[in-house]
Amino acid sequence: DMDAIGKAIEEAKAEGAKPSLIIITTQIGFGCIAKQGKASAHGEPLGEENVRLTKENLGFPADKTFHVPDQVRDYMNQRKKCLKDYETEWNKLWKSYAEKYPDKAAEWDKWHSTAIPGEFMESDEFWKFEEKAVATRVASNEVQNRISALLPNLIGGSADLAPSTKTLIKGREDFLAGNFSGSNMHFGVREHAMAAIVNGMALHGGLLAFASTFFVFSDYMKAAMRLSSIMELPVLYILTHDSIGVGEDGPTHEPIEQLAALRSIPGFTVFRPADGKETAAGWYTALKNKNGPTALVLTRQNLPYISETGREAVKGAYILLDPEKQTPDIILIASGSETYLALNAGKVLKEKGIAARVVSMPSWEIFDSQTEEYREKVLPKAVRARLAIEAGSPQGWHKYTGLDGDMICMDSFGLSGTAESLFKHFGFTVENIVEKALKLLNKQ
């Protein structure tokens, strides 16, 4: 009953204080006498005979494979004309507004172009961090607040975890009933709805939307994150507490397979930085990515300042340590909190006379998009001794380690304990990396 549905929608629009729910009772397979109201109407083809009978039952010509009734054509032609009139009216209104308020019109255009502070992101200030240990979630918030003044349309929040994910925008109010000028959103403990909401904001345009939660809870919003990719939406996901480094919360809160899961989504960029400078590179990457979502995967625990990291992180992978000889004996590849361990292990190997290269790889997707020449420069095919180090599932790392390489990854769930004790227990130590590297070289 179109009239009843229209009336219900108008009543919902008129209700300004609370949500409305319109329930329409339908029957699956309506019109197909043999399958109407049955699960088979959804899970099986109707079949040629049932299609013919259904057409007859609904008043469609049974002899036509494809048919659009005149009533539908007339309605659509009427809608097209109506919408064309709306467009003409809007363009006239916009032209008048732009002439009367040129500054406001320019601001509107800037917001809807999702312009980014390009000049600032190329400056030393954007990339500069104190030489001290800091969690990448904290570094992320520092970057976020550096650029927020230049991005008035940056808006988002967390699933009631902002103090933990470090995503509050300083100097901005909360987005609340009665205060729609705020930029900090409190989505409540409903991750899937949060991701769906930021998708809607990105689809509307004019806003740079982000969502945040603990990395392990990305499982709850995977379907909506997948839709971010399908629709090529520039949504930013800030996902913290990224590994067994979560510590005392135990295996339920320690991500293992989540990195592999997000990396498996087509068009989804995953960026797991090793320190503040690489975190800045993650933000740089996310803001420049107009054709799909980006996830920043960040630590809870403090990570050492790494003097060797820098802007080359925007290439997805780059060389931190290189031997004097042109071709290294072995390549150590790491991401996130394991990068400084790999770097220190590479220095120990160098002292032992082994030509070790250390590669930081915060983003597989970005590295894979580089030229073949650059990828060969970082990971030369001639070097078959490769060791990947990452506190997550080994799934996918074979692409970079090859048949002759090895991995130090997680093939089990975590445990409850301090980050330091868990990293030691599961072999994420300089000593174990060196030992594995030496064994790998002895096999060559």
Nearest heavy-atom pair of [X] and [Y]: which atoms, and what distance?
X: G414; Y: I256; value: N-CD1, 4.2 Å
X: P323; Y: A355; value: CB-CB, 3.4 Å
X: F187; Y: G156; value: CE1-C, 4.2 Å
X: L203; Y: L233; value: CD2-CD2, 3.6 Å
X: V235; Y: A202; value: CG2-CB, 3.8 Å
X: A385; Y: L440; value: C-CD2, 4.1 Å

Would you tell me whether [X] and [Y] have side-chain atoms, one donor and one acceptor, within less than 3.5 Å of each other?
X: E390; Y: W397; value: yes
X: T309; Y: Y318; value: no
X: D160; Y: H186; value: no
X: N184; Y: E173; value: no
X: S183; Y: R172; value: yes
X: D242; Y: T299; value: no
X: K170; Y: S148; value: no
X: R272; Y: S335; value: yes
X: S212; Y: S158; value: no
X: E373; Y: T371; value: no

Near [X] [atom1], under 6.0 Å, is it more than 12 heavy atoms from other residues, nucleotides or ligands?
X: F413; atom1: CZ; result: no
X: Y305; atom1: OH; result: yes
X: K443; atom1: NZ; result: no
X: E308; atom1: CD; result: yes
X: K92; atom1: NZ; result: no
X: R311; atom1: CZ; result: yes
X: R226; atom1: CZ; result: no

Check your understanding: Under the side-chain hydrogen bond (donor to acceptor under 3.5 Å, both in side chains) criterion, do E278 and S360 qualify, and how do the steps go?
Key -> CA-CA 10 Å; E278 286 198 356; S360 173; 2.6 Å; yes

Aromatic contact between [X] and [Y], with the criterion being ring centroids under 6.0 Å apart: yes or no?
X: F180; Y: F175; result: yes
X: Y400; Y: W364; result: yes
X: F217; Y: H253; result: yes

Going through the distances and angles, do S123 and E125 end up as a side-chain hydrogen bond (donor to acceptor under 3.5 Å, both in side chains)? CA-CA 5 Å; S123 71; E125 185 183 351; 5.0 Å; no

Intermediate values then yes/no, side-chain hydrogen bond (donor to acceptor under 3.5 Å, both in side chains), S140 and K166
CA-CA 8 Å; S140 173; K166 308 296 183 187; over 6 Å; no

[Y] and [X] aromatic ring geometry - parallel, tilted or perpendicular at 30°/60° bounds:
X: F126; Y: F120; value: perpendicular
X: F268; Y: Y237; value: parallel
X: H112; Y: H204; value: tilted

Nearest-0.5 Å distance that lies between atom [atom1] in [X] and atom [atom2] in [Y]:
X: L208; Y: I116; atom1: CG; atom2: CD1; result: 9.0 Å
X: N141; Y: R137; atom1: CG; atom2: CZ; result: 10.5 Å
X: Q395; Y: L259; atom1: CD; atom2: CG; result: 12.0 Å
X: S40; Y: K35; atom1: OG; atom2: NZ; result: 4.0 Å
X: M185; Y: I155; atom1: CE; atom2: CD1; result: 5.0 Å
X: I9; Y: K13; atom1: CD1; atom2: NZ; result: 7.0 Å

Contacts of A115 meeting side-chain contact (heavy atoms from CB on, under 4.5 Å) (sequence neighbours excluded), chain-then-number -> K110, S113

[X]/[Y] ion pair, N-O < 4.0 Å:
X: E420; Y: K424; result: no
X: E248; Y: R300; result: yes
X: K399; Y: D368; result: yes
X: E142; Y: R146; result: yes

What verdict does the side-chain contact (heavy atoms from CB on, under 4.5 Å) test give for L341 and F423, after you've listed the backbone C-alpha separation in whole Å, the side-chain angles of each residue and the deciding distance to 0.1 Å? CA-CA 11 Å; L341 296 172; F423 269 66; 4.2 Å; yes

Point to revise | Side-chain donor or acceptor of Q370 paired with backbone N/O of G316 under 3.5 Å | key: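 Absent.
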
